[in-house]
Novice: 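I have a structure here, written as structure tokens, and I will follow up with some questions on it.
Every chain is numbered from 1 and lettered A, B, ... according to where its sequence line falls, protein lines coming before strand lines.
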Amino acid sequence: MSDLFATPPAAPAPQDGEPDQMSIRAQLQRMRPTPYLEGLNPEQREAVENIDGPLLVLAGAGTGKTRVLTTRIGHILATRSAMPWQILAVTFTNKAAREMKNRIGTLIGGNVEGMQWLGTFHSIGVKILRRHAELVGLKSNFTILDTDDQLRLMKQLIQAQGLDEKRWPARQLNTLIDGWKNRGLTPEQVPQDEAYYFAQGNGVRLYSAYQERLKILNACDFGDLLLECLRLFRENPDVLAEYHNKFRYLLVDEYQDTNIAQYLWLRLLAQGSQNICCVGDDDQSIYGWRGAEVDNILRFEEDFPGAKVIRLERNYRSTAHILAAASHLITFNEGRLGKTLHAQIEDDEAEKVTVTSVWDSEEEARTIGDQIEDLQRSGHNLNEIAILVRASFQMRTFEDRFVTMGLNYRVIGGPRFYERAEIRDALAYFRAMVQPADDLAFERIVNTPRRGLGDATLKLVHDHARSRGIPLMEAANELVQTAELKPRPRNALKNLLEQFTHWRTMLASLKHTELAEMILDESGYTEMWQNDKSADAPGRLENLKELVRSMEEFDSLPGFLEHIALVMDRDNAESNEAVSIMTLHSAKGLEFDSVFLPGWEEGLFPHQRALDESGTRGLEEERRLAYVGITRAKKRAKIYVASNRRIHGLWQNSVPSRFLDELPPKHVDVEESQSTYGGYGNSGIGGNIYGKSRFDSSDPFESTYDTPGWKRAKGSGTKKTGKAKQTRYGGGPASSSKVIDGELVAKSVSDTPSQFSQGERVFHQKFGYGTVISIDGNKLLIEFSTGQKRVLDNFVERH
DNA sequence: ACAGTGCAATTTTTT
DNA sequence: ATTGCACTGT
């Protein structure tokens, strides 16, 4: 390994095609010996300088993870251990990639264009795949499908198999196949027993059928971008060797989020230099539900023999109270490598973490709104304030309240620009024009706007295409020459095809943005929305304009299409001051002075579904989510519990989250809600029928552990009792009297897929009593008096 | 071909 | 309560 230093890759004489080599060398020359290492703490410095061999950097929240990563790259460059294009640096999101690029730019003073292999897993996957497409049965101009396209394709396949789409939804098949792909499994590799998961043993059959269709369409889905790379490397050792040779250093961000396919991909590539550095935090792994394997990070030392592990535990972000709360909470997780954050910020005035009990979600929004106004009055910037929710339906209450208050807010996340229907329609037009063989694009827009080309006509085109083995557009072209179609649809179709031909002739002569506008206008698509009277039509037209505007940055239509296939996000640099509202998931990686954490109730947080579907594993992931939430706060973390919440239109009274009991009382203040109105006299919903609530006792943290349901839920209650403050939980009778112990908690922690058994008597809100006939995961087939129904198990209860 | 009706589900999200 | 969907009837 050390001979890398003995014989540095000898910056050769400048060659054509190696971008900006001279300028980078010149920049490096100008650098002082190691100014970039100053200001790093010893662990960070070790992580930066230790560039040979496998290294895992366990970087807790706020410990300077990105700084280490970028400085390390800077160091590799400065020591001439590798040239920019010999470094492979992967991230998960485009945002992270962009940020890293910027920071490296600042570090080395400018040009980072030489770093061609800094990007997301997927973008690097595409890059590799396009070079060797023919080796895996694709052409190098293959299209990349998104979820929408995938679903439509799968729906077709399910129909083709004569299966009932209601019973076997495409969505579910997609999840299944996606799961297999995440685990790096091709259809042949899917384990026997799993092959039967979908529609009585059709799972794998559909998977291979799907893959065959993709090949015919010359298309890949996101999973394939990695999976096909794996196949490429395995079947072509020479190709793999080429990349071994190329990549001297590998760096991976957010390693705890990698799935198995990504792990295999990395491992194959790392076999070359062995210089792989993964940075991550097992305590922040919150994407298990979409295939991330915490195990990857937990097993690092076995996977990469001789690996070093460096822990970054000095936190530069939060106050000691906040860190203590988060650290204590996370110790309740068992599957973790273990790390303790130490506060570097000293602040004797620091506020403790607060827990506030409120009556319902509206009081919650009111209280938080008022507190934000207070902060604002005392000079805090709204951009430094965030509300982090578990589920997006919680956002609405806050939006409603903030609109009434006139408080500026912004919702982060939500539907992405490029996923909106109007944008996808427009893109489908462009795709169908650029790639006449793109059947999915053609299908999408053939009758949008309405042209009178319905199912009947489409079926004829399909059949013709199928029998001739040609793309839909071509088949349509042939069909309109014949008399097989009725005059009306025939003309409509002929018109459309002629328009496409017309547009294609303009491709060379017209500027791509003008052509785009022309297509949208001439096709009648713009008109369709102009005539639409619904409230969001103007917004959609605005989006279409925005789309054309964003095309300006690219020099051709195909170039633009390639870009957006991978980069589904858009920079919205909103400059005005506003409170951010987002989910806990989308808050990862961000930080705010003040963080509000509403909805800490059993069933919502931890979410019932996480518990039901993944048991203890699910609970631990929820706990990590709580950890992520708290550690976003620099100065203030404020938690809220509502006694009542409306779920699916029904009012339910709720049990405070078990996570509250896992916070260290020493660092927490329990507060009364500021706005106490709203509680009194409202006993109709869940009056104090159970007598004294456990929150009437003196110490909430202690008392909750005495609840039988609590003990059952947790398995063991091993927390010490003697405690400090005599703080009251819910203060007024309004909030304290509504809590009913038990059931929800007790039943939440089950490791079994379904807690029901065959032949059992159950009750359903709507269908009444019934008997369980069969069980498929969490889906039950039940015989009711009105007939058999398929129901999710959380919709019925034992009887 | 399309509009209106009834039924079922409803965590988290990137590429 | 709301919403998105599949099916039915014109």
Side-chain angles (χ1 to χ4, degrees), chain A residues 90-97 119-126 144-147 150-151 155 164-167 169-172 175 178 181-182 220-226 254 257-259 261-262 285-292 388-396 412-416 418-419 421 447 450-458 486 488-489 492 563-569 582-589 599 603-614 618 621-622 624-625 628-629 646-651 764-767 778-779 789-792 794-795:
Chain A
V90 277
T91 63
F92 274 85
T93 63
N94 293 297
K95 193 175 156 214
T120 63
F121 276 100
H122 294 88
S123 67
I124 289 169
V126 185
I144 300 161
L145 303 186
D146 59 32
T147 324
Q150 290 178 55
L151 281 175
K155 203 176 258 180
D164 178 6
E165 327 163 49
K166 202 122 194 201
R167 240 182 108 172
R171 179 104 214 149
Q172 194 181 316
T175 314
D178 215 52
K181 289 190 174 178
N182 284 156
C220 269
D221 64 20
F222 284 117
D224 288 337
L225 296 180
L226 291 161
E254 305 278 19
D257 287 340
T258 49
N259 61 35
Q262 287 157 339
S285 162
I286 55 175
Y287 285 110
W289 50 273
R290 66 177 198 213
L388 311 182
V389 298
R390 171 67 247 262
S392 38
F393 75 85
Q394 293 172 264
M395 293 179 179
R396 221 182 110 182
I412 314 249
R416 253 150 286 290
Y418 291 109
E419 273 164 20
N447 200 30
R450 303 255 118 104
R451 296 189 173 89
L453 297 167
D455 292 345
T457 316
L458 219 35
K486 301 240 162 61
R488 258 252 269 262
H563 171 80
I564 54 118
L566 287 168
V567 183
M568 293 294 271
D569 69 346
M582 67 186 98
T583 63
L584 287 160
H585 282 93
S586 36
K588 195 172 72 159
L604 176 58
F605 193 35
H607 200 280
Q608 192 64 44
R609 203 139 158 190
L611 301 175
D612 289 345
E613 283 172 13
S614 319
E621 183 154 313
E622 295 286 294
R624 291 193 290 266
L625 205 46
V628 167
R646 207 166 54 171
I647 294 172
H648 312 326
L650 297 164
W651 282 98
H764 187 277
Q765 283 277 346
K766 198 160 180 179
F767 305 121
N778 62 335
K779 282 204 167 61
K789 300 266 177 198
R790 197 157 274 276
V791 214
L792 282 182
N794 24 347
F795 284 84

Novice: Separation of A:Phe92 atom CZ from B:dT13 atom P, in whole Å?
Specialist: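 Atom-to-atom, A:Phe92 to B:dT13, this comes out as 16 Å.
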Novice: Quick one, A:Asp178 and A:Thr175 - any side-chain contact, counting heavy atoms below 4.5 Å?
Specialist: no
Novice: Is the phosphate of B:dT15, meaning OP1 or OP2, less than 4.0 Å from a side-chain N or O of A:Lys95?
Specialist: no
Novice: Whole Å only: how far is the CG atom of A:Leu625 from the C1' atom of B:dT12?
Specialist: 7 Å
Novice: Tell me the interatomic distance from A:Arg171, atom CZ, to B:dT12, atom C1', rounded to whole angstroms.
Specialist: 12 Å
Novice: Can you find a donor-acceptor N/O pair under 3.5 angstrom joining the side chain of A:Arg390 to the base of B:dT12?
Specialist: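 In this structure, the two groups form a donor-acceptor pair.
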Novice: To the nearest Å, how far apart are A:Asp257 CG and B:dT15 P?
Specialist: 12 Å
Novice: Can you figure out which of B:dT12, B:dA1, B:dT15 approaches the side chain of A:Thr583 most closely?
Specialist: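 The closest nucleotide is B:dT12.
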Novice: Given atom CZ of A:Arg646 and atom C1' of C:dA1, what is their separation to the nearest angstrom?
Specialist: 7 Å
Novice: Is the shortest side-chain heavy-atom distance between A:Lys181 and A:Asp221 below 4.5 Å?
Specialist: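 A side-chain contact exists here, since the closest heavy-atom pair is under 4.5 Å.
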Novice: Whole angstrom is fine here: how far is it from CZ in A:Phe393 over to P in B:dT12?
Specialist: 8 Å
Novice: Below 6.0 angstrom between ring centroids: does that apply to A:Trp289 and A:His607?
Specialist: no
Novice: Taking the nucleotide of DNA chain B with the closest heavy atom to each, which residue, A:Ala565 or A:Gly454, is nearer the 5' end?
Specialist: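 The residue closer to the strand's 5' end, by nearest nucleotide, is A:Gly454.
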Novice: Are the ring of A:His585 and the base ring of B:dT13 both nearer than 5.5 Å at their centres and tilted by less than 30°?
Specialist: no
